[in-house]
Amino acid sequence: MGDPHSATFASEPLPPVGIGDRVRTWWVIIRTALAERMAYRGDFALGTLMRFLPIITQIFLWGAIFDAVQTADQGGADSSLRIGGYNFPEMVAYFLLTMVARAFSSMPGLATGIANQVRQGEIKKYLIQPIDLVGFLLLTRIAHKLAYYTVAIGPFALVFFLCRGYFTDGLPPAHVLIAFVGSLVMGFLIGFFLEAAIGMISFWTLEINSLLLIFMLFSFFLSGHMFPLTLLPDSIGWLVNLLPLKYLAFFPAAIFLRKIPDEELAGELILEAAWLAFFIIACRWMYARGVRRYSGYGG
Amino acid sequence: MGAELLIPNRSQADDSRRLTGTLAASRAAEKTPAGSWAAETRRYLRVFLTFARNSLIRDMTFRADFLFHCISSVAWTLMNVGFYLLVFRFTMMIGPDTGWGRDEFFLFLATVWFINSLVQAFFIPNANEFSELIRTGGLDFALLKPIDTQFLISFRRVEWSSLSNFAVGLLIAGISLHGLATRAESPVYLTPLTLSLYLFFVGCGVAIMYSLMISLAATSVWLGRNQSLYDFWFYITNFSRYPMEIYNTPWGRPLLGLFTFVIPVLVVVNVPARILARPLNPRADWEWQLAVWAVIATGLCLIASRWVFRQSLKSYRSASS
């Protein structure tokens, strides 16, 4: 779009695109998307705050469960009780941290957006202009996320401040924090490329709503959004642990709460990076195959 | 024009003719001096049945889509069942000495799904469309119809696929009731009295949810657009999905008060589920008081939502043409 080379005709050899030009293009895309998002910041902040409401009921539910188990066990309060490896404050901290993880990894409208563009023929524009669809979407998404964080940081800070008592161990040491941030960033990228890959399926099927509903169903329960995955019985737990869905919510929270032993941390992060690489390749490959199949439906 | 409004998405000539016929007949009935209360009720019932039939015909036009909707909503429900089964691997009860053991709690959940599926089938599509009608000015046509506007707006569409969760609820309620009746320690039996009380209070619950929904939808008159309507509704009613005992902590008591007396979503599921989950006698005083309050709250909510709806119509200025 903002690329100065878009006016060049194909008959002349294209001059090589410098990195400076590329960065300038990216910057224009990010700025536009940012402005678009900031237009409705009031609605945005309110929406973010409201999204914490289900957490409140979760906290009360788990509070009641912990109370019941403690009373049944020894008829007295005992903070050492653990369910799935989590005591009550950790459980609350876990749900708050998965909110942060989801703020990174959730991609509302990404797959449906791609499917709509394929169905309506808008994808043509990426085939003609010297802009890469996946790259463009990624940049827009980064801008949307940045806009989201600038607005959402207020509600998040408020809720974390109110709930600081549940973080009994305080901040984890530096290397855990770095791993936590790394897992958040990779969670964002895995979320992006995973959902973009689902969107690419629309090159073959045109309609992906049904598929997306199934994906959302599994992602909601098996990403750890609903409960820590360590609660699962071993018979299914091992399988869920093999799935990449855990990187969308469970994994970053587990790192922060030091549920992943230090010696396994590096290995787990490398595994996550491998999954990320897999999804990047899958998404790219599907896009390349899809474009070859594409026949320009709609306008 | 009328047909367009009543069948907003597809022009099925058959349906519209049938519907126009019904409306014409009902208009005729209105003019007869015998337009007594019973005749009026019959008229509204006939119009409603026409709406329900039209919706079913429309749903059956896209059978695969319909089937998929059923499957996916049942899948969500089953995942929830899985989650609570998981929870009951760790605890015998939700909250100490609250009586919400596994069978009782699943009866509670079944009640949640009964009420939710009814609300989703009958009211959510209509409330969404109401907001849209206000935004586009399509409400003009509804106002012209010779029938109560709130009735017309509230019952026009029925999403039959949402009732699949009702079936799941029946299944789970059946299993839990069987479990309660056959357990060795203090079994609970279903009696005609408890069942009729249960049905009555489920009805009250649905009415409260309806009032909340239609009031929220009516606010789009003032807000212009109400996109997060469904979100807001979901977040508020989320509080009603758990036994009220879990809010009985120093922190939770303000919420308990707010959602029992100001926005009475807590009585929606709690009152009927409690009736079925325990023997009718003996009960604590507060349980009877809560049940009475549920009836009063239902009345108040219906009156309040009627008032809000009327007010919103007064402020309505037709949009676009």
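Quick note on labels: first sequence line is chain A, next is B, and so on, each numbered from 1. It should be emphasised that the depicted structure is a prediction, and the values quoted were computed from it without experimental measurement.
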Next item on the list: Of all the heavy-atom pairs spanning A/Pro54 and B/Asn238, show the shortest one and how long it is.
Entry: CA-ND2, 3.2 Å
Check: So what's closer than 4.5 Å to chain A heavy atoms on B/Leu255: side chain, backbone, both or neither?
Finding: side chain
Check: If you count heavy-atom pairs under 4.5 Å with chain A, which of B/Ile71, B/Asn80, B/Thr249 comes out on top?
Finding: B/Asn80
Margin query: Rounded to the nearest 0.5 Å, what separates atom CD1 in B/Ile246 from atom CH2 in A/Trp62?
Written below: 12.0 Å
Checklist line | Output field: ring centroids B/Phe83/A/Phe221 closer than 6.0 Å | finding: no
Margin query: Given heavy-atom pairs under 4.5 angstrom as the criterion, report whether the side chain, backbone, both or neither of B/Met92 touches chain A.
Written below: neither
Item checked: Heavy-atom pair with the smallest gap, counting every atom of A/Ala68 and B/Met93 -> CB-O, 3.2 Å
Checklist line | Note, B/Phe68 side chain near A/Leu213 side chain (heavy atom, < 4.5 Å) | finding: yes
Checklist line | Choice from B/His69, B/Glu245, B/Arg89 maximising heavy atom contacts with chain A below 4.5 Å | finding: B/Arg89
Notebook entry, point to check: Are B/Arg241 and A/Thr57 close enough that some pair of their side-chain heavy atoms sits under 4.5 Å apart?
Noted result: no
Check: Side-chain contact, heavy-atom cut-off 4.5 Å: A/Ile56 with B/Phe239?
Finding: yes
Notebook entry, point to check: Who among A/Asp67, A/Leu53, A/Leu217, A/Leu232 has the most heavy-atom pairs with chain B under 4.5 Å?
Noted result: A/Leu217
Note to self: Need one label for B/Asp65: side chain, backbone, both or neither, based on atoms under 4.5 Å from any heavy atom in chain A.
What the structure shows: neither
Checklist line | Engaged part of A/Phe220 at the chain B interface, taking heavy atoms whose separation is under 4.5 Å | finding: side chain
Next item on the list: Find out whether B/Val87 and A/Ile65 are in side-chain contact, i.e. whether some heavy atom of one side chain is under 4.5 Å from a heavy atom of the other.
Entry: yes
Next item on the list: Identify which part of B/Phe90 has an atom lying under 4.5 Å from any heavy atom of chain A, answering side chain, backbone, both or neither.
Entry: both
Notebook entry, point to check: Got more than 12 heavy atoms from elsewhere within 6.0 Å of CZ, B/Arg102?
Noted result: no
Notebook entry, point to check: Just wondering, more than 12 heavy atoms not from A/Trp238 lying within 6.0 Å of its CH2?
Noted result: no
Next item on the list: Decide if atom CD1 of A/Ile214 counts as having more than 12 heavy atoms of other residues, nucleotides or ligands within a radius under 6.0 Å.
Entry: yes
Checklist line | chain A contact via B/Ile94 - side chain, backbone, both or neither, heavy atoms under 4.5 Å | finding: both
Next item on the list: Indicate yes or no: at least one non-hydrogen side-chain atom of B/Tyr84 is less than 4.5 angstrom from one of A/Leu61.
Entry: yes
Item checked: Contact class of B/Thr91 relative to chain A, heavy atoms under 4.5 angstrom -> both
